[in-house]
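As a basis for the values below, the full set of heavy atoms in this structure was taken, side chains included, without hydrogen atoms, waters or symmetry mates.
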Amino acid sequence: MNTLTDNQRQTLGRIGDSLIPAALGMPSFTGAEAQGEMVDHVLALRPELLNDLRRALDGVAADEDAASATERLNREDPEALGAIGLVASSAYYLMPGVRAIMGYKGQEHRPASADEEHDYLRDNLLQAVVDRGPIYRDPGVE
Amino acid sequence: MGETAEVLIIGAGASGAVAAKHLSEAGVRVVCLEQGRAVTSDEFYGDKPEWELMSQRLWHPNPNVRGLATDYPIDTSESDVNPLMFAGVGGSTLIYAAHWQRFMPSDLRVRTLDGVADDWPFTYQDLEPFYDFMDEEMGVSGLAGDPAYPPMTPPPLPPMPIGTIGRLAAKGMNDLGWHWWPAPQAIPSRAYRGRSQCVRRGTCMQGCPEQAKASTDLTHWPDAIANGAQLITGARVREITVNAAGLATGAIWIDRDGVEHHQKAEKVIVCANGVGTPRLLMLSGGDRFANGLGNSSGLVGRNLMMHPYAATVGYFDEPLDSWLGPAGQAIHSMQFYETDKSRGFVRGAKWNAMPTGGPLGMRSAYGGAPLEEAWGENLRRSTQKRFGHSFEWGIIAEDLPDPDNRVVLDDTLTDSDGIPSPKIIYRNSENTEKLIAFHLDRQKEAMEACGASSISTTTLMRDCGWHLMGTCRMGNDPETSVLDQWGTSHDVANLHVLDGSTFVTSSGFNPTATICAIALRSVLHMIETRAEQRTAS
């Protein structure tokens, strides 16, 4: 599915790298190759973002500096910039390589044993609360 | 559909489901009209990588964001807070966090104790057996002995683990000598009555893909339908009909092909939440009830309470796995719940220590940061700082009833069937602002005590109106209340309301346990007094 033209995708890559640069051991937006199929996947799930996204991308000239374009969009069309930001960050954080670097497996299936005694009971973490006694107001005795 | 229902229930959420199950169990002929549809667990994204992306639209709690035809749009231009809800079988329990909190005894005696608002027409002790019963039906997990409450029947399931964030928060509270307790949840710590054990995905608020969390589509509707209750989905009610004697005779509803129907009924129970219920009553009654049905007091729609929500996030150097669920709360605290007038305000709040989610995380809920703070290298720094290394202390702030905070019919906005939408007029009071400021200061101390390297606060989250209460309040005096203590209209003898609209005050607790307990109490009373009640037949 070609949701974006080549020019639009190139512009998305430039703006995306401005928003999500390589830093602190993490790749940039295009360094993670998030601008390709993952962007299409995001847009397939969130098609209502397409209009704002295309408007934003079509309004950026090929020779306009990405940082300047980002600031201008933020000033003139924040909804459009919001669409770029959401599409870019969603695609980026869905990339398996990015998740691997972050140590994030997604929302995990990690059931706990209901039969195991809880750690706060084993090490008496809760005992101080119990020892202080009731703290509720009883309307019947005021 | 041509048959007259003995009881017509409007809305298939928490209170509607409780009513349908128990009435049908008693042999009552029940029909329920629900404007939404039945949702299946495979529609939820919690077990899919795209969870956060979809939580910002399809499974967003704000109907104005979702924009579905089954929702009604709401004018919030004059409100500090957006009301949140979901229309469907199970209602907002599909996407609630399942904090299963009882009210305190003091919550029902606010006038007596603090000289503000009003007392409820019953006591905590009156409600207690119904809390116990609902704990069993929902499958509540928790630890008995919380000293913030009077002694109570232990919940049926052992508590969920409090996790790394719960332990960290608890250590800080212990250093300060402040109350905390493993939080009670309508989430099963082991398999329970056909539901799965919670696997801690932490996606409760976008629907539970595991069929674990206690949403009433799972806990009550299967039994109600097996008992013979008829549930009609895609049925949007536009008016409750009334006969010459001033009794309710049923409701006019519109199907998804736009065809109107009239469901006749001997009694009508409205369970459409604190916004939908007053909206429907104001749409009903015709010339005979010009201010809306059951509204001789003028209080239908007034005294809206929504629990303005504030929060403190602490950031820590060590890894906390802080995307792990349950999403709602690991531990709670009622250290500052009760009134201390030296603080300069009355009433208080419950705190809940909760995880902070995935990498997109709070960007949607707490957005609005300047460009240079939100993106670029600062995005890297903030993600590294927050993701997996933070937790949140939330504040459920009790807001007091104020007749100026209200639901009205909008002049121009309509739903997809052309029915006037509700408009919310709601402002935080000075008492609430002082309360929130005090609690945020204490939460900062709690975060410092447990070693946070930095702290941020949110003084009011706009998308926080989960708890819709007070708009058809109960009371003994028909001039100052809409309903009696059983949820029966003072004006229309066979019209009942069982949702959060009935609340006299809001407490500082998540309300679903109390909504369900009140619904159960009222319905069992209705069954007991069945032979004595006036009906339209």
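For B:L108, no part sits under 4.5 Å from any heavy atom of chain A, backbone or side chain. Only the backbone of A:S18 comes within less than 4.5 Å of a heavy atom in chain B; its side chain stays farther off. If you measure heavy-atom distances from B:Q197 to chain A, the contacts under 4.5 Å come from the side chain alone. Looking at A:R110, both its backbone and its side chain come within 4.5 Å of chain B, counting heavy atoms on both sides. Heavy-atom distances place both the backbone and the side chain of B:T339 under 4.5 Å from chain A. Contact of A:D131 with chain B is not made at all, since no heavy-atom distance falls under 4.5 Å. Interface remark: A:D119 contributes backbone and side-chain atoms alike to the contact with chain B (heavy atom separation under 4.5 Å). For B:P319, no part lies under 4.5 angstrom from a heavy atom of chain A. Only the side chain of B:Q384 comes within less than 4.5 Å of a heavy atom of chain A; its backbone N, CA, C and O stay farther away. Residue contact with chain A, scored on non-hydrogen atoms closer than 4.5 Å, involves the backbone and the side chain of B:W180 alike. Within the 4.5 angstrom heavy-atom criterion, no atom of B:Y337 approaches chain A. Heavy atoms of A:L94 lying under 4.5 Å from chain B belong exclusively to its side chain.
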side-chain contact (heavy atoms from CB on, under 4.5 Å) evaluation trace for A:I20 with B:L379: CA-CA 7 Å; A:I20 308 174; B:L379 171 72; 3.8 Å; yes
Stepwise side-chain contact (heavy atoms from CB on, under 4.5 Å) test for A:D123 and B:R167: CA-CA 11 Å; A:D123 64 7; B:R167 282 188 64 83; 2.5 Å; yes
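A:Y92 has its side chain out of reach of B:P359: every pair of non-hydrogen atoms, C-beta onward, lies at least 4.5 Å apart. Looking at heavy atoms from C-beta onward, B:I331 lies out of side-chain contact with A:Y120 at the 4.5 angstrom threshold. Between B:P182 and A:L126, the closest side-chain pair of non-hydrogen atoms falls below 4.5 Å. For the pair A:E108/B:W323, a side-chain contact is recorded, criterion being any heavy-atom separation below 4.5 Å from C-beta on. Residues A:V129 and B:D146 fail the side-chain proximity criterion, which asks for heavy atoms closer than 4.5 Å. Side-chain contact check for B:E52 versus A:Y93: every heavy-atom pair is 4.5 Å or farther apart. Put simply, the side chain of A:H109 does not reach to within 4.5 Å of the side chain of B:D47, judged on heavy atoms. Looking at A:S89 and B:L360, their side chains come closer than 4.5 Å, going by heavy atoms from C-beta outward.
A salt bridge links A:R137 to B:D114: one of the charged nitrogens lies within less than 4.0 Å of a carboxylate oxygen. Using a 4.0 Å cut-off between charged nitrogen and carboxylate oxygen, A:E48 and B:R57 count as a salt-bridge pair.
Of the listed residues B:R190, B:K48, B:R109, the one with more heavy-atom pairs under 4.5 angstrom with chain A than any other is B:R190. Ranked by heavy-atom pairs under 4.5 Å with chain A, the first of B:I162, B:T203, B:L58, B:T112 is B:I162. Interface remark: of the candidates B:P159, B:P188, B:S189, B:C198, B:P159 forms the most heavy-atom pairs closer than 4.5 Å to chain A. Top candidate by heavy-atom pairs under 4.5 Å with chain A, chosen from B:P158, B:G67, B:P161, is B:P161. Listed options B:R200, B:M104, B:R201, B:R380 were ranked by heavy-atom pairs under 4.5 angstrom with chain A; first place goes to B:R380. Note on B:G166, B:G177, B:G46: by heavy-atom pairs under 4.5 Å with chain A, the leading option is B:G177. Counting heavy-atom pairs closer than 4.5 Å to chain B, the top-ranked of the candidates A:V42, A:L81, A:V130 is A:V42. Note: A:P21 leads A:P21, A:G103, A:P96 in heavy-atom pairs under 4.5 Å with chain B. Heavy-atom pairs under 4.5 Å with chain B peak, among A:G106, A:S90, A:S28, at A:S90.
Atom-to-atom distance recorded for B:Q335:CD and A:R132:CZ is 6.5 Å, nearest 0.5 angstrom. The OH atom of B:Y124 lies 11.0 Å from the CG atom of A:D138; values are rounded to the nearest 0.5 Å. Between the CG atom in A:L24 and the OG1 atom in B:T383 there is a gap of 9.5 Å [rounded to 0.5 Å]. Between the CG atom of A:L45 and the CD atom of B:E50 there is a distance of 5.5 Å, given to the nearest 0.5 Å.
Pairing each heavy atom of A:Y104 with each of B:G358, the nearest pair is OH-CA, 3.9 Å. Taking each heavy atom of B:E377 and A:A23 in turn, the nearest pair found is CG-CB, 4.2 Å. Listed here is the closest heavy atom pair of B:P151 and A:Y136: CD-OH, 3.9 Å.
Other residues, nucleotides and ligands contribute only 12 or fewer heavy atoms inside 6.0 Å of the CG atom of A:D6. Heavy atoms of other residues, nucleotides or ligands lying less than 6.0 angstrom from CD of A:E37 number 12 at most. For CG of A:D58, the number of neighbouring non-hydrogen atoms (other residues, nucleotides, ligands) closer than 6.0 Å is greater than 12. Counting heavy-atom neighbours within 6.0 Å of A:E79 CD, excluding the residue itself, gives a total of 12 or less.
Within residues 64-74 of chain A, the residues having any heavy atom under 4.5 Å from a heavy atom of chain B are, by residue number, A:T70, A:E71, A:N74.
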